[in-house]
4 protein chains.
Amino acid sequence: MQAQVSQTPSKRELQKEVRRNDIIDAGFEEFAVQGFTATKLDDVAVRAGIGKGTIYLYFDSKESLFQEVVRKNLFPMRDAAQIHAAEFKGSATELLTIHFQRMYLGLHQDRMPQLVAMIMGEASRFPDMADFFFKEIVSSNQELLQNILKKGMESGEFRDNFPVEFTQILMAPAMISAIWRLQFESHSPLDMDAYTQTHIDFVLRGLKADQH
Amino acid sequence: MQAQVSQTPSKRELQKEVRRNDIIDAGFEEFAVQGFTATKLDDVAVRAGIGKGTIYLYFDSKESLFQEVVRKNLFPMRDAAQIHAAEFKGSATELLTIHFQRMYLGLHQDRMPQLVAMIMGEASRFPDMADFFFKEIVSSNQELLQNILKKGMESGEFRDNFPVEFTQILMAPAMISAIWRLQFESHSPLDMDAYTQTHIDFVLRGLKADQH
Amino acid sequence: MQAQVSQTPSKRELQKEVRRNDIIDAGFEEFAVQGFTATKLDDVAVRAGIGKGTIYLYFDSKESLFQEVVRKNLFPMRDAAQIHAAEFKGSATELLTIHFQRMYLGLHQDRMPQLVAMIMGEASRFPDMADFFFKEIVSSNQELLQNILKKGMESGEFRDNFPVEFTQILMAPAMISAIWRLQFESHSPLDMDAYTQTHIDFVLRGLKADQH
Amino acid sequence: MQAQVSQTPSKRELQKEVRRNDIIDAGFEEFAVQGFTATKLDDVAVRAGIGKGTIYLYFDSKESLFQEVVRKNLFPMRDAAQIHAAEFKGSATELLTIHFQRMYLGLHQDRMPQLVAMIMGEASRFPDMADFFFKEIVSSNQELLQNILKKGMESGEFRDNFPVEFTQILMAPAMISAIWRLQFESHSPLDMDAYTQTHIDFVLRGLKADQH
DNA sequence: CATGAATGAGCCTTCATTCAT
DNA sequence: TATGAATGAAGGCTCATTCAT
């Protein structure tokens, strides 16, 4: 008579998952604004609307909460980019264009700029985190871009003498734009659409196969 | 008995200046490695070879010491760049090349990468500092580069349709290289000479006047 | 339908009693190993195979659980000793010998050494418990031993000038052996059979009626 | 002209030593009354009349303070006993008598009973401490007593069939008396002079060479 | 001027107890 | 009844800042 299917999570389990997410989101906000060290778990708790001790029912420590925050916010972007690239049918030029447009969308979503800035600034003091970040995010992105470059070189769209190991040169303006908006938006706002377009255009010019 | 001439600083004043500099240098090392929040004034004192209390004879607070550290380490680079650009006689292409080479030299000198990373990561939490950093360093650099661009456009070396307000696009790879080396050098080392050359070459290609 | 006779406990009441005992046993294990302060009710619950909140359905607080643990584990020993002494037919020498042998058996049973050590170390911080322990266990044991001594003095087996108020002198080696094994077994193990025999022999020599 | 002799500690160093001792003494009081786990460093600080943080200028942690407390309070007793035994000229019976009298004096001095009770109760949860205690105090005491026993056996004062490895049997009543006074003094006070005398007398009877 | 001992506010983490389900 | 999620007070420890020497 028990019609309870084991796959459907109980109401309680659902509630726990929701709560866990609330904490991650609250942590995201706080970490992004305050940075890791300066963030107080008290503030995270207040923002999540829970008691301070509750955080420890879901996470082992401040650091592990931080890892989850990074994970939850960066993985989807990475995965979406990979899937898109794998499925894309079209020229390398088009793919690179769309890939960069998507990168800008992701980087300026919500509090992503803060997250990026925080990781750049504090990762080196948490070797585990730098490790995790490099392996899960950075190298995957690098590889993705390298594949696009190789594709373009094979098709003759891109010059074949650009050193593919220096993908940083191509992506850097996107990262810097995120930091810029975080730090200097009030001093000198950035027209992101124009910036994005200029950046992509600049990259395509720089990669264009040499005339002869 | 004191025939002290007011213009020449007394031995005591010289001594004070030296001491002040020692503290700034020690602070630089510590802030660069640990970041602002994680740096202990105890460590700064030890590194400077003085007592902890002495710091407060020269600086009002941890934060004001930090400001001085930034000031002292970034001003010379900026000033040297400005002087060089003003005095340079030659093509815009050459000037831009040399300017970038100097920028890389400066950025990878000593602990500059850490300083850059730290500013990027923590500046937003110290509005005064972000302010100072923008006004004294960023905008000056931007202006300098814009002048080079305009010069090149006027001489016909560079295409005149690159939006000069987006100098970030041109400089970003240099900033990112500093951060990369700080965070990921152990995961994936960067050949800086090749990187620098590739970057400059890429920029020049991107700015090259259109063929017709 | 319920033909429940009030004198026979219902199945439910039996179940409650069983559950209560499970908790006490789990508490015993944990308190004995960790001590009172260091024991977490969480661990007790896990060991008892129940939820943490359930403990509060059976006990008012951690402290009251502790009292029950002590009560349940020391009463049987005390009662068995009293019954045995009351029923014993034989010489005082024999009775004392057997009484001590039983004491050793009890003291080294299971986790009794830990319980003894814990009471010795922590009882003073729980006046109620010290009270309870003194009234229910200590004084009863003292009285029992005093009765044996008096019996032996009357029968001429023991010298009559041993001050019966100092039964501690006779029992101490047994208590200390329990603590020794708990704390120093790894440093210097104790051959309990030989120790017991030596102790009893020593006591009998010390009590032996003077020669003349 | 500097007449400062390097051996004389400066006033500041003296002050530090005094302060260090104050903290140890305050810690002694608190640990003895509350036990290790229940003692708050706040309370130690208040008792020592200093700020909470000051403790950490002198000790690394609560546990290391505890070690110092034990060290400072137990070492003198141990050393004095060893010196006395080494210098003593007289019979083994006299030596043992005096040794025990001194042991009682030491054990009931100040807060020594509490310290003993605390070590007995909590040592097992701090393996380092149990280790330290066994090596520095227990085994030294055991050895000392064994030497006295051997001396008496050689001189014919004591029977030679008492197993010298079981010195616990001889010393236990002294330890137990300390605990008794701590826990049950209010329920049943102990006349320590009579107790001591009875114990020594009992031990000497038990060790007395057999008549023949 | 220089020192470093002293301070105490502040933060992460734990855990007995409560209570909605 | 039983559960275990939630709470928040409490404690060990850190560190910027002060101040007596």
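Every chain is numbered from 1, with letters handed out A, B, ... down the list of sequences.
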- Query: In B/S/- notation, 5' to 3', how is nucleotides 2-7 of chain E contacted by protein heavy atoms closer than 4.0 Å?
  - Reply: BBBBBB
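- Contacts of A:R111 classified as salt bridge (charged side-chain N to carboxylate O under 4.0 Å, His left out), with partners at least two apart in sequence or in another chain: A:E29.
- Between the OH atom of B:Y56 and the NZ atom of B:K62 there is a distance of 8.5 Å, given to the nearest 0.5 Å.
- As a whole-Å value, the separation of D:D43 CG from F:dA10 P is 12 Å.
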- Query: Where each pair must be Watson-Crick or G-U wobble with both distances under 3.5 Å, what dot-bracket representation of DNA chain F is obtained, with crossing pairs in [ ] and other-strand partners as |?
  - Reply: .||||||||||||||||||||
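- The separation between D:Q34 atom CD and F:dA10 atom P is 15 Å, rounded to whole Å.
- Residues passing the side-chain hydrogen bond (donor to acceptor under 3.5 Å, both in side chains) test with D:D22: none are found, sequence neighbours excluded.
- Remark: C1' of F:dA9 and CG of A:D42 are 12 Å apart, rounded to the nearest angstrom.
- Shown here are the side-chain hydrogen bond (donor to acceptor under 3.5 Å, both in side chains) partners of C:K16, two or more places apart in sequence or in another chain: there are none.
- To the nearest 0.5 angstrom, D:F59 atom CZ is 6.0 Å from D:E68 atom CD.
- Considering only residues two or more places apart in sequence or on other chains, B:N73 meets the side-chain hydrogen bond (donor to acceptor under 3.5 Å, both in side chains) condition with none of them.
- Regarding A:F59, its CZ atom lies at a distance of 15 Å from the P atom of E:dT14, rounded to whole Å.
- Atom NZ in D:K40 sits roughly 9 Å away from atom P in F:dG12 (whole-Å rounding).
- With sequence neighbours excluded, the residues forming a side-chain hydrogen bond (donor to acceptor under 3.5 Å, both in side chains) with D:D131 are C:H187, D:K135, listed by chain and number.
- For D:L41 and F:dA10, the CG to P distance is 16 Å, given to the nearest whole Å.
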Atom pairs and distances, side-chain donor-acceptor, residues 39-50 of chain D, under 3.5 Å, sequence neighbours left out:
from, atom 1, to, atom 2, distance (Å)
D:T39, OG1, D:E30, O, 3.1
D:T39, OG1, D:G35, O, 2.7
D:R47, NE, D:E30, OE2, 2.8
D:R47, NH2, D:E30, OE2, 3.2

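- Residues C:D60 and A:S61 both approach DNA chain E. Their nearest nucleotides, taken by heavy-atom distance, put A:S61 toward the 5′ side.
- Rounded to whole angstrom, the span from the CZ atom of B:R20 across to the P atom of E:dC1 amounts to 12 Å.
- Between C:F36 and A:E63, the residue anchored closer to the 5' end of DNA chain E is A:E63, taking for each the nucleotide with the nearest heavy atom.
- Atom pair A:L65:CG and E:dC11:C1' shows a separation of 15 Å (rounding to whole Å applied).
- Considering only residues two or more places apart in sequence or on other chains, D:E63 meets the salt bridge (charged side-chain N to carboxylate O under 4.0 Å, His left out) condition with none of them.
- Remark on DNA chain F: of its neighbouring residues B:T39 and D:Y56, the 5'-side contact belongs to D:Y56, judged by nearest-heavy-atom nucleotide.
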